[in-house]
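Data block below; observations after.
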Amino acid sequence: MKKSLFSAIKVCLMLLVSLVLVFALCSCNGEEAPEATQAPSTEPPAIATFKPVVEINYDKTEFTIVETTIVEYIGKGGDVVIPEKVTAIGDMAFSGRSDVTSVTFTKDVVSIGEKAFENCSGLGAGFVPPSNLSYLGDSAFAGCTGITEIEIQNKPIEVGTNIFEGCTSLKKVIIPKTFQIIPDYTFAGCSSLTDVTIDNEIVSIGEHAFDGCTSLEKFNFPTKTTKIGDYAFTGCEKLSEINFQRALDEIGYFVFNDTAWFNNQVKAQKENTPAETPAEGNADINKYILVGHDVIIYYIDDNATTLNIPDKAYGIASGAFDHCIANVETVNFTTSSSLVKLGSGAFKDAVKLTTFSLPTKVTILNNDVFSGCVSMSTFNVASKLTFVGDNAFKNCEKLTSIFLPDDITSIGDNAFYGCKALKEVTLPDSITSLGDYAFKDCNELAKVIIPLKLSDIGVQAFDNTKWYNDLSVYEEAPTENQFHIFGDGILIKADIIDNSSIVIPENVKSIAAFTFTNWGKINDREFYNSKLPKSITIPDGVTSIGDYAFYFCDNLETVFISNTVTNIGEKAFYGCKNLKLITLPESLTEIKDYAFYGCSALPEITLPSNLTSIGSYAFYDCYKLTEIEIPASVKYVGSNAFKNTSWFYYNTDEEMIVGDGVLLKVTAPSADIVLSNNVKSFAGGAFDSANIQTIKLPAAVTEIPEYAFSGCVDLKEVTGGNISKIGKRAFNGCFKIESFNAGSATVDAEAYINSSLDKAVSE
């Protein structure tokens with residue numbers, strides 16, 4: 001999201017908010033009528049109180065600290081000493097501070113957030129990370145061009161990606177076993193790196209991990225490393241000595257191709273004539289480069305039309321045959337083949353390959369493995385295949401049939417997308433999950449057998465197949481809604497004849513994406529209190545999502561909304577406590593009150609560029625919501641719309657302004673506040689502080705919204721603005737306000753209730 005929040009305090013926050021959630025929802029249950037959830041007619045709902053558990057003595061001109069986390073360094077640079085009892089360096093806290101020359105940590109610091117010291121180019125060679133570090137976020141030290149040596153303490157630690165990317169002076173690094181893995185891009189661009197010590201317990205090296213380490217000449221693989229990601233050593237042109245271990249059995253794309261070691265291997269293979277004819281079953285073995293646990297990473301004959309895979313080969317790396325794949329017509333394995341692993345895209349775009357017989361020990365077909373094999377008409381399976389990955393057979397246009405063994409439990413996204421000649425499919429008995437677009441555009445697919453265990457069918461899995469289209473073909477035109485239910489109670493398609501009343505059959509356990517045809521809108525309470533949908537896609541044609549439509553749908557986890565929906569109704573997703581992902585369309589212009597109230601598992605949301613209005617309490621109590629993108633089109637935000645979200649709570653801007661100049665809150669206000677001219681409007685609850693005494697509004701502000709100054713018990717005076725409207729309970733709890741000139745503004749009947757102005761008006 002962006003993006004991200006201070007990972008260091010997430011654990012503490014979750015403990016706090018989980019208690020709040022239990023309290024907040026214990027009075028609400030699935031059987032409750034919607035009217036029982038009251039709008040705040042007298043007082044806003046109680047807001048969770050977050051208080052620091054320790055007192056920290058520090059210079060407030062040097063740090064901004066929230067609880068025990070440094071959220072921003074505001075000092076003058078030089079040598080920085082982290083105050084005692086600080087436990088975390090927050091995301092981007094020191095980012096870009098090239099004037100910081102050293103940082104001294106106490107033993108209390110256990111977490112360094114994302115981009116915490118990014119581009120701190122002044123940090124010197126002797127930089128020492130905290131001794132008790134347990135979390136190191138993405139890009140934590142990226143661009144620290146002055147650091148020359150790093151040794152992480154041998155203690156359990158969670159690590160992010162890109163940690164030391166672009167540390168161009170880094171020469172020596174020691175990685176302890178507690179890392180477990182070297183994440184993606186960890187040392188990418190560390191052009192001075194020559195000395196790398198990695199503990200033997202490290203099991204995996206990520207994508208681009210050493211990309212661009214142009215000075216690296218030697219690398220020893222740890223004894224327990226089994227996997228290395230794509231492009232891990234791209235650009236390491238001086239790397240001439242590599243010591244492999246037998247544990248290495250999964251190698252990504254283009255891992256070694258840029259190295260001096262690889263070039264020397266290819267040259268030697270091409271120049272050396274074998275001393276004797278290879279034994280039967282090892283034909284052409286001298287044309288293959290094998291490393292680690294006998295994984296093929298390259299074949300030296302660029303013009304090969306036939307590949308005779310050696311018996312000893314345990315795996316084929318991604319991209320091993322890319323340079324010659326367009327010529328390959330035949331791939332041969334013997335009955336004694338040891339092959340177990342096929343890398344992602346191993347035979348991708350083998351356009352002349354017509355037949356393939358899978359070795360008996362291969363149980364997984366990784367992503368893209370046969371994608372684009374447009375001439376392949378026959379695929380033989382004799383193994384106990386358990387998994388078919390994303391795009392595995394995508395656009396294999398001539399494939400007429402496929403045997404799927406009963407051991408398969410999952411078929412990935414786009415697995416057979418565009419297999420136009422495929423006529424029938426029997427899904428295996430053990431399958432539980434079928435990915436998005438798995439058989440989309442398989443035009444000739446007329447017969448599909450779906451087993452009873454299948455419980456999850458992805459978006460448009462059978463779209464544009466004869467079988468799926470024929471579900472809506474009837475001998476006589478139906479007079480009522482028709483529901484097509486398969487597998488473990490999956491509603492895969494519904495032909496809506498009567499849009500005014502949609503009653504889901506009792507045997508439906510889940511609703512597949514793009515299920516409903518001719519659905520004009522989702523009515524109020526359409527799925528009210530339903531235990532059914534875990535994932536739902538609102539299809540094209542639906543223009544609105546009604547009030548309470550998915551109210552307290554406890555099982556709902558993912559929602560995809562098509563680009564025809566323009567508004568989301570009041571409490572539409574209220575109390576969907578397991579909702580983790582929702583995509584909002586560009587057509588959306590309005591989110592009404594309480595729409596996502598209590599969606600406590602939702603971590604992020606991107607609001608569309610045409611959105612103009614966000615209702616009161618729309619995202620209230622979405623505790624895990626750390627990332628929100630609010631477009632400039634938003635002109636109105638209702639009261640407390642984002643209260644009790646991590647995103648809102650941990651924002652420390654003096655003026656938190658979003659959208660088209662909407663003020664959500666002021667941070668650490670003085671008794672007298674003068675708003676900047678950037679503020680055009682403000683949300684109710686923006687001035688939630690008891691010590692404010694005076695407020696001056698900018699000229700652009702024309703409305704005082706409902707609950708605008710609620711809780712400002714010391715407020716005496718509000719001036720400025722060009723006020724034309726005053727909302728409900730705008731001065732709620734303002735017992736000290738002495739006067740306010742409303743002029744000719746339209747004033748709500750309850751605008752002054754529960755304030756000293758109420759008495760003045762009465763008199």
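- In this structure, the side chains of P310 and I296 come closer than 4.5 Å at one or more pairs of heavy atoms.
- With N567 contributing its side chain and S544 its backbone, the two residues share no donor-acceptor pair below 3.5 Å.
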(request) Please assess V559 against L579 for the test side chain to side chain contact (heavy atoms under 4.5 Å, CB included), listing each intermediate value before the final yes or no. (result) CA-CA 8 Å; V559 178; L579 183 63; 3.8 Å; yes
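- Classification of the Y231-Y253 ring pair by plane angle, with boundaries at 30° and 60°, yields perpendicular.
- Distance alone, capped at 3.5 Å, is enough to place a donor-acceptor pair between the S375 side chain and the V351 backbone.
- With respect to K384 and D407, no salt bridge is recorded, no charged nitrogen being found less than 4.0 Å from a carboxylate O.
- A distance-only check finds no donor-acceptor pair linking the side chain of E557 to the backbone of N555 [under 3.5 Å].
- The shortest heavy-atom contact between D390 and G412 is OD1-CA, 3.3 Å.
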(request) Please test Y288 against I309 for side chain to side chain contact (heavy atoms under 4.5 Å, CB included), starting from the C-alpha separation and ending with a verdict. (result) CA-CA 9 Å; Y288 293 89; I309 306 300; 3.9 Å; yes
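- Using a 30° and 60° split on the angle between ring planes, F573 and F596 fall in the parallel class, below 30°.
- Here the CD-OG1 distance, from E629 to T606, works out to 4.0 Å after rounding to the nearest 0.5 Å.
- Counting heavy atoms from C-beta outward, T354 and T378 have side chains that stay 4.5 Å or more apart.
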(request) Let me see the working for F347 and V331 under side chain to side chain contact (heavy atoms under 4.5 Å, CB included), right down to the final yes or no. (result) CA-CA 10 Å; F347 295 99; V331 180; 3.7 Å; yes
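- Distance CD1/I492 to NE2/H484: 10.0 Å, rounded to 0.5 Å.
- Using a 4.5 Å cut-off on side-chain heavy atoms (C-beta onward), K352 and T330 make no contact.
- Atom CD1 of I364 is separated from atom OG of S410 by 10.5 Å, given to the nearest 0.5 angstrom.
- When the shell of 6.0 Å around CD of E586 is examined, it contains more than 12 heavy atoms from other residues, nucleotides or ligands.
- What you find for F560 and T583 is that their closest heavy atoms are CA-OG1, 3.3 Å.
- Y298 and H323 have parallel rings, their planes meeting at less than 30° on a 0 to 90° scale where 60° marks the start of perpendicular.
- Taking the six-membered ring for Trp, Y548 and Y574 have ring centres at least 6.0 Å apart.
- A ring-ring contact (aromatic ring centres under 6.0 Å, His included) with F462 is found for one member of W467, Y437, Y417, Y468 and no other, namely W467.
- Counting heavy atoms from C-beta on, the side chains of L404 and I411 come closer than 4.5 Å.
- T409 places no side-chain N or O within 3.5 Å of a backbone atom of S430 that could act as its donor or acceptor partner.
- We find the CG-CG distance between N464 and N469 to be 6.5 Å, quoted to the nearest 0.5 Å.
- Judged by distance alone, the side chains of D311 and T334 do bring a donor and an acceptor atom under 3.5 Å apart.
- The two residues S587 and S562 have their closest heavy-atom pair at OG-O, 4.2 Å.
- For the pair F387 and T363, the minimum side-chain heavy-atom distance is 4.5 Å or more.
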(request) For ring pair (Phe, Tyr, Trp, His ring centres under 6.0 Å), just list the numbers for F393 and F379, CA-CA rounded to whole Å, side-chain angles, deciding distance to a tenth of an Å, and then say yes or no. (result) CA-CA 10 Å; F393 295 92; F379 186 83; 4.9 Å; yes
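- Here the side chains of L427 and F439 are in contact, with some heavy-atom distance below 4.5 Å.
- Other residues, nucleotides and ligands contribute more than 12 heavy atoms inside 6.0 Å of the NZ atom of K580.
- Judged by distance alone, with hydrogens and angles left aside, the side-chain atoms of N391 form no donor-acceptor pair with the main-chain N or O of A415 at under 3.5 Å.
- Side chains of I545 and I561 form a contact here, defined as non-hydrogen atoms less than 4.5 Å apart.
- Looking at every heavy atom in both residues, G418 comes nearest to C442 through N-SG, 4.3 Å.
- In this structure, D554 and N578 approach most closely via the heavy-atom pair O-ND2, 2.7 Å.
- For the residue pair S344 and N366, no side-chain donor N or O sits within less than 3.5 Å of a side-chain acceptor on the partner.
- F370 and F356 have perpendicular rings, their planes meeting at more than 60° on a 0 to 90° scale where under 30° would count as parallel.
- Here the two rings, on Y597 and Y551, have centers that are 6.0 Å apart or farther.
- To the nearest 0.5 angstrom, S401 atom OG is 10.5 Å from K423 atom NZ.
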(request) Decide side chain to side chain contact (heavy atoms under 4.5 Å, CB included) for T355 and N380; before the verdict, give the C-alpha distance in whole Å, the side-chain angles of both, and the deciding distance to 0.1 Å. (result) CA-CA 8 Å; T355 301; N380 300 315; 4.2 Å; yes
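- With rounding to the nearest 0.5 angstrom, the CD1 atom of I408 is 12.5 Å from the OG atom of S433.
- Below 30°, between 30° and 60°, or above 60°: for H293 and Y314 the angle between ring planes is below 30°, a parallel geometry.
- A 4.5 Å side-chain heavy-atom check between I450 and L434 finds every atom pair outside the cut-off.
- Contact detail for G569 and A595: the closest heavy-atom pair is O-CB, 3.9 Å.
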